[in-house]
Amino acid sequence: QVQLVESGGGLVQAGGSLRLSCAASGRTFSWYAMGWFRQAPGKEREFVAAISWTGGSTSYADSVKGRVSISRDNVKNTVYLEMNSLKPEDTAIYYCAADSEPFRSNLDAPNSWGQGTQVTVSS
């Protein structure tokens, strides 16, 4: 089972940038599609970005497309979320996730979750 720990969250001004990291433990990290979700107060958890097990394909929510880039380093067992042109509405707890089955291109059924890292964007 993949264990996930997020880091890199914090306070940033609108228009700024931030990079989130998700460190994974477990020998099968590279077999799984990975991604990020976020949840703001009073809102449901929403999908942000995903990357295939090979790292060859990515997908993004419309709300962040063009401002966010997901990547992974299977040697370091880490997935990243680069965020630019941040807006106050990006304020949320960001969660790293791994799919429940290996060798998937899409994050179809996340089953492993990190504890979350807070991102706050001030105006």
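Because the structure is predicted, anything quoted here is derived from the model rather than measured.
Looking only at distances, no side-chain donor or acceptor of Ser17 sits under 3.5 Å from a matching main-chain atom of Asn84. A donor-acceptor pair under 3.5 Å is formed between the side chain of Arg67 and the backbone N or O of Ser85. In this structure, Tyr60 contributes its side chain and Ile70 its backbone to a donor-acceptor pair below 3.5 Å. No donor-acceptor distance shorter than 3.5 angstrom exists from the side chain of Ser30 to the backbone of Asn74, with no hydrogens or angles considered. Here the side chain of Asp99 pairs a donor or acceptor atom with the backbone of Ala109 at under 3.5 angstrom. Of the possible polar contacts, one joining the Glu6 side chain to the Cys96 backbone as a donor-acceptor pair under 3.5 Å is found.
Using a 4.5 Å cut-off on side-chain heavy atoms (C-beta onward), Met34 and Leu4 make contact. Residues Val119 and Thr91 have side chains not in contact (no heavy-atom distance under 4.5 Å, counting atoms from C-beta outward). Side chains of Arg19 and Tyr80 form a contact here, defined as non-hydrogen atoms less than 4.5 Å apart.
For Trp53 and Phe103, the ring centers are positioned less than 6.0 Å apart. Trp36 has its ring centre no less than 6.0 Å from the ring centre of Phe47.
Between the CE atom in Met83 and the CG atom in Leu18 there is a gap of 4.5 Å [rounded to 0.5 Å]. The CD atom of Gln3 sits 12.5 Å away from the CG atom of Asn77 when rounded to the nearest 0.5 Å. In this structure, CD in Gln13 is found 13.0 Å from OG1 in Thr120, a value given to the nearest 0.5 Å. Between atom OG of residue Ser71 and atom CD1 of residue Ile51 there is a gap of 6.0 Å, rounded to the nearest 0.5 Å. A distance of 12.0 Å separates CZ in Arg38 from CD in Gln118, rounded to the nearest 0.5 Å. How far OG of Ser57 is from CG of Asn106: 6.5 Å, rounded to the nearest 0.5 Å.
Here the closest heavy-atom approach between residue Ser100 and residue Asn111 is recorded as CB-CB, 3.3 Å. A pairwise comparison of heavy atoms in Gln39 and Lys43 identifies NE2-O, 3.3 Å as the closest pair.
With no hydrogens or angles considered, no side-chain donor-acceptor pair links Ser105 and Ser52 at under 3.5 Å. Between the side chains of Thr78 and Asp73, not a single donor N or O lies within less than 3.5 Å of an accepting N or O.
There is no path of hydrophobic side-chain contacts, each under 4.5 Å, that joins Val2 to Trp113. Under the 4.5 Å side-chain heavy-atom criterion for grouping Ile, Leu, Val, Met, Phe, Trp and Tyr, Leu107 is not connected to Val79 through any hydrophobic cluster. Hydrophobic clustering (ILVMFWY, side-chain heavy atoms < 4.5 Å, transitive): Leu20 and Val64 are in one cluster.
A cation-pi geometry, defined here as NZ or CZ lying under 6.0 Å from the six-membered ring centre and within 45° of its normal, holds between Arg72 and Phe29. Both tests hold for Arg45 against Tyr95: distance to the six-membered ring centre under 6.0 Å, angle to the ring axis within 45°.
More than 12 heavy atoms of other shown residues, nucleotides or ligands fall within 6.0 angstrom of atom CD in Gln115.
With Val68 as the partner, the side chain to side chain contact (heavy atoms under 4.5 Å, CB included) test is satisfied by one option alone out of Leu86, Thr58, Leu81: Leu81.
In summary, Lys87 and Asp90 do not engage in a salt bridge, as defined by a charged side-chain N under 4.0 Å from a carboxylate O.
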